[in-house]
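Bear in mind the structure is a predicted one, so any value in this text is a computation, not a measurement. Sequential numbering from 1 along the given sequence is applied to the chain's residues.
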Amino acid sequence: MPTLDDILEEIGEFGRFQKQTFFVLCLLSAAFTPIYVGVVFFGFTPEHRCFSPGVAELSQRCGWSLEEQLNHTVPEWGGHGTAFGSRCRRYDVDWNETGLSCTNPLGSLAGNWSSIPLSPCRDGWLYDYPGTSLVTEFNLVCEDSWKLDLFQSCVNAGFFIGSMVIGYMADRFGRKLCLLITVLINSVSGLLVAFAPSYTWAVVFRLVQGLVSKGGWLTGYVLTAEFVGLSFRKTVGVIYQLAFTVGLLIFTAMAYVLQHWRWLQLAVTLPNFLFLLYYWCLSESPRWLITQKQNDKAMEVIKRIAKGNKKQLPLSFQYLKSEDDDGEKLKPSFLDLVRTPQIRKHTCILMYSWFMSSVLYQGLIMHMGIASGNIYLDFLYSALVEFPAAFILLLTVDRIGRRYPWAVANVLTGGACLVTALVPDTLYWLKMTAACLGRMGITMCYEMVCLVNPELYPTFLRNLGVLACSSMCDLGGIITPFIVYRFAELWHELPLVVFAVIAFIGGGLVLLLPETKGKTLPETLEDAENMHRYDMEHRPHGAGQLSFASARPGKKNCLVTIFTRLPWCFAASIERLGEGREQRGWRQTDGEKYVGQELKKLEREQLEVVPPSRERPQRAMEMLNPGQSSGALSWGVYRTWPERDGNAAQGRTGRGCL
């Protein structure tokens with residue numbers, strides 16, 4: 001029976017139907033930007049100073065300029081207000097007293113201005129900002145500045161918890177249902193954030209947004225990969241993330257126009273309600289339906305794809321057969337992520353890669369913000385540098401593969417961080433060039449881990465695997481501020497050195513992953529476990545289907561077939577199995593569970609090709625007569641004729657790998 005990839009080759013791997021689906025999902029990717037990096041504008045901290053009653057009246061009476069007023073009335077004012085005292089302390093004097101000198105008001109109160117006591121800002125703060133933010137509205141400065149960190153940490157904590165829960169839901173109940181639920185909750189909670197009456201409620205509603213938003217974004221990513229064919233999987237993965245970059249540009253423009261955080265929150269939230277139209281616009285993933293034994297519904301989706309692509313579904317593809325129509329539906333489990341050795345290795349490496357990508361992606365932006373200039377230009381530059389990173393991936397991953405460009409991107413990022421840290425400030429052009437290269441390199445790493453992660457897990461476990469691994473990204477987001485700001489107190493460039501070490505380690509680890517270039521998505525645990533050994537591109541027709549081999553005369557021809565497809569049949573020995581009598585048996589390409597006394601004997605005496613599948617009890621089927629070969633590798637009845645004088649002599653019949 002055909003697999004979904006076989007069918008997509010006939011009806012279109014990336015036709016009109018898939019393009020429409022992909023476009024509406026890219027809108028979801030762009031809308032995720034304000035949640036992931038929105039704190040940059042929602043929690044913008046402008047220059048501020050304590051409000052001192054009477055200063056404004058004194059300044060007006062004396063005719064001071066703003067700079068003169070600050071120099072006379074703000075402690076430790078150095079022109080830019082970077083000192084803690086100038087922001088969080090004020091002179092403990094009464095500026096309403098009469099007789100204060102306009103040239104030296106503090107000198108008229110005390111002979112030495114340094115002897116004047118300082119006090120906390122009891123009457124609030126003044127902010128040099130025309131708009132509003134969470135910081136200016138709730139006074140999240142000085143002793144309360146940690147509350148802004150808590151606001152962002154709650155979002156990342158929501159990402160972490162939600163990744164696990166949403167991932168399980170998407171694999172258990174379906175991609176479409178999970179996506180609709182996350183969109184609804186995200187939209188409502190975002191609306192509540194805009195109308196939050198206090199800081200506490202804003203944190204609570206933001207936490208709810210974090211619980212569902214990232215899970216929905218990654219579910220959309222998985223859905224795009226499962227709708228398209230093999231040759232377009234890489235392209236849609238990169239462009240889906242490029243839509244996030246477009247969201248950065250749009251969000252920057254909106255923040256520049258709407259400098260009041262509540263209006264900005266409303267502007268980025270209300271469009272999310274339109275995503276509820278996905279109920280009518282999107283179809284369920286046919287791959288997920290097949291794994292859940294819902295073949296009839298999967299075929300309905302396939303026919304819808306064929307109709308949208310204006311293609312005719314061949315009659316031979318009118319019926320899908322899954323691994324075992326009579327078996328149980330596969331249920332994802334967190335233990336499946338670490339149960340088998342290869343998948344366990346993949347999980348550990350991918351978790352580190354997500355962690356590294358998050359720490360460096362956010363850390364480089366935060367480190368730039370330590371000496372930030374124009375926040376809108378900085379954000380714009382950081383977004384623009386992601387476009388060449390995406391184009392480089394589009395040009396390389398199909399020609400070179402995944403692993404080597406990924407490793408090079410890690411090394412480039414680490415090297416750029418070291419150069420930025422060690423180059424003196426006098427070579428500003430070199431420092432900025434290295435910083436841009438590092439930003440581009442870590443963007444490539446981020447996009448690559450998003451691309452490779454779903455390619456290493458079987459269908460029933462894919463969404464859970466992606467979300468569980470990407471949860472390490474959220475842990476990285478929680479600790480990144482501490483790495484940047486605390487290490488910078490010891491040495492301003494120390495965070496960059498730490499980033500370089502993390503990147504170099506990541507570059508070595510990704511080389512231990514199997515290459516997924518040109519390989520079909522694994523359908524079962526066995527497929528994913530054997531990706532490092534077997535060329536999945538040439539595996540027989542997919543999981544759970546019987547492939548039939550025909551009898552082909554000529555011992556030489558049989559041996560050529562064996563050695564050209566050796567990875568799938570190294571345990572087959574014609575001499576051991578063919579003993580001059582006909583033997584019949586069968587083999588399922590997924591479970592490798594053999595029926596028949598002779599094949600059971602082979603399993604005991606020789607290496608197993610693949611261990612029998614624990615998840616899929618196989619249904620025995622006797623292959624009485626081999627059909628015509630379709631070029632697929634299979635166990636079947638064969639006959640060899642030793643050539644003698646060009647004529648067929650007495651032949652032997654047996655079971656082998658053809």
- Message: Under 3.5 Å, is there a donor on one side chain and an acceptor on the other for Tyr221 and Asn453?
- Response: no

- Measuring from Phe151:CZ to Lys147:NZ, what's the distance to the nearest 0.5 Å? 13.5 Å

- Closest heavy-atom pair and its distance - Met444, Ala409: CB-CB, 3.9 Å

- Task: Side-chain contact test, heavy atoms from C-beta onward, threshold under 4.5 Å: evaluate it for Val183 versus Tyr279 and give yes or no.
- Result: no

- Message: Quick check: closest heavy atoms across Cys436 and Val385, and the distance to 0.1 Å?
- Response: O-CG2, 3.6 Å

- Supply the atom-to-atom distance Met440 CE to Leu384 CG, rounded to the nearest 0.5 angstrom. 13.5 Å

- Message: Quick check with a 6.0 Å cut-off and a 45 degree axis cone: is Lys214 positioned over the face of Phe32's six-membered ring?
- Response: no

- Within 45° cone and under 6.0 Å: Lys176 NZ/CZ vs Tyr278 ring: no

- Please check if the side chain of Thr413 supplies one atom and the backbone of Ile442 the other of a donor-acceptor pair under 3.5 Å. yes

- Message: Are the side chains of Glu47 and Tyr129 in contact, using a 4.5 Å heavy-atom criterion?
- Response: no

- Message: Treating Tyr352 as the side-chain partner and Val510 as the backbone partner, does any N or O pair qualify as donor plus acceptor under 3.5 Å?
- Response: no

- Going by the angle between their ring planes, with limits at 30° and 60°, are Tyr168 and Phe173 parallel, tilted or perpendicular? perpendicular

- Do Thr291 and Arg287 get their side chains close enough for a donor-acceptor pair, meaning under 3.5 Å? no

- Message: Assess the residue pair Phe22 and Ile239 against the criterion (side chain to side chain contact (heavy atoms under 4.5 Å, CB included)); give the C-alpha distance rounded to whole Å, side-chain angles, the decisive distance to 0.1 Å, and a yes or no.
- Response: CA-CA 9 Å; Phe22 179 60; Ile239 297 179; 3.6 Å; yes

- Query: Taking atom CG of Leu418 and atom CG of Leu496, what is their separation to the nearest 0.5 Å?
  - Reply: 8.5 Å

- Look at the side chain of Gln18 and the backbone N and O of Gly15, then say whether any donor-acceptor pair between them is shorter than 3.5 Å. yes

- Message: Phe41 and ring-ring contact (aromatic ring centres under 6.0 Å, His included): which single residue from Tyr256, Tyr376, Trp261 fits?
- Response: Tyr376

- Atom CZ in Arg462, atom OG in Ser285: separation rounded to 0.5 Å? 8.0 Å

- Task: Please collect all side-chain hydrogen bond (donor to acceptor under 3.5 Å, both in side chains) contacts where either partner lies in residues 20-36, sequence neighbours excluded, each pair once.
- Result: Ser29-Trp217, Tyr36-Gln362, Tyr36-Tyr446

- Query: Counting only N and O atoms by type, is there a donor-acceptor contact under 3.5 Å from the side chain of Thr136 to the main-chain atoms of Ser133?
  - Reply: yes

- Message: Less than 6.0 angstrom from the centroid, inside 45 degrees of the normal: does Lys517 satisfy that with respect to the ring of Trp406?
- Response: no

- According to the interplanar angle, ranging from 0 to 90°, do the rings of Phe17 and Phe227 count as parallel (below 30°), tilted (30 to 60°) or perpendicular (above 60°)? tilted

- Task: Any chance you could lay out the side chain to side chain contact (heavy atoms under 4.5 Å, CB included) test for Trp429 and Val423, step after step, and finish with the verdict?
- Result: CA-CA 10 Å; Trp429 64 272; Val423 168; over 6 Å; no

- Message: Under 6.0 Å between ring centres: does that hold for Trp201 and Phe205?
- Response: yes

- Task: Verify the distance criterion only: is there a donor paired with an acceptor across the side chains of Glu386 and Tyr361 at less than 3.5 Å?
- Result: yes

- Message: Pair Leu509, Ser353 - check side chain to side chain contact (heavy atoms under 4.5 Å, CB included), show working.
- Response: CA-CA 8 Å; Leu509 288 177; Ser353 297; 5.8 Å; no

- Query: Do Arg262 side-chain atoms and Ala194 backbone N/O form a donor-acceptor pair below 3.5 Å?
  - Reply: yes

- Query: Are Tyr199 and Leu134 close enough that some pair of their side-chain heavy atoms sits under 4.5 Å apart?
  - Reply: no

- Query: Within the side chain of Asp474, is there an N or O that forms a donor-acceptor pair under 3.5 Å with the backbone of Phe160?
  - Reply: yes

- Message: Within the 4.5 Å heavy-atom criterion, are Met356 and Met472 side-chain neighbours or not?
- Response: no

- Can you sort out the partners of Glu455 under side-chain hydrogen bond (donor to acceptor under 3.5 Å, both in side chains), two or more places apart, ordered by chain and number? Arg233, Arg402, Thr516

- Nearest non-hydrogen partners of Thr269 and Gly190, listed with the distance: CG2-C, 3.6 Å

- Message: Is it the case that the side chain of Gln152 and the backbone of Leu148 share a donor-acceptor pair, with hydrogens and angles ignored and the cut-off at 3.5 Å?
- Response: no

- Can you tell me if CZ on Phe387 sees more than 12 non-hydrogen neighbours from other groups inside 6.0 Å? yes

- Message: Could you tell me if Glu137 and Thr132 have a donor-acceptor pair between their side chains, going purely by distance under 3.5 Å?
- Response: no

- Atom CG in Leu184, atom CG in Leu179: separation rounded to 0.5 Å? 11.5 Å

- Check whether any side-chain heavy atom of Val497 sits under 4.5 Å from a side-chain heavy atom of Cys417, and report yes or no. no

- If every non-hydrogen atom of Leu456 is compared with every non-hydrogen atom of Pro522, which pair is closest and at what distance? C-CG, 4.3 Å

- Write down the atom of Ile400, the atom of Pro405, and the distance for their closest heavy-atom approach. CG2-CD, 4.0 Å

- Please check if the side chain of Lys431 supplies one atom and the backbone of Thr420 the other of a donor-acceptor pair under 3.5 Å. yes

- Item | Minimal non-hydrogen separation, Val301 against Leu289, with atom names | CG2-CD1, 4.0 Å

- Within-4.5 Å side-chain heavy-atom neighbours: Pro514 and His346: yes

- Message: Counting only heavy atoms not in Trp125 (residues, nucleotides, ligands), do more than 12 fall under 6.0 Å from its CH2?
- Response: yes

- What distance separates Leu28 CG from Leu274 CG, expressed to the nearest 0.5 Å? 12.0 Å

- Message: I'd like to check Arg403 versus Leu512 (side-chain heavy atoms, cut-off strictly below 4.5 Å). Are they in contact?
- Response: no

- Show your reasoning for whether side chain to side chain contact (heavy atoms under 4.5 Å, CB included) applies to Ile35 and Val268. CA-CA 9 Å; Ile35 302 173; Val268 299; over 6 Å; no

- Query: With a 4.5 Å limit on heavy-atom distance, are the side chains of Leu266 and Leu191 in contact?
  - Reply: yes

- So which of Val155, Asn186, Leu192, Val188 actually passes side-chain contact (heavy atoms from CB on, under 4.5 Å) with Gln209? Asn186

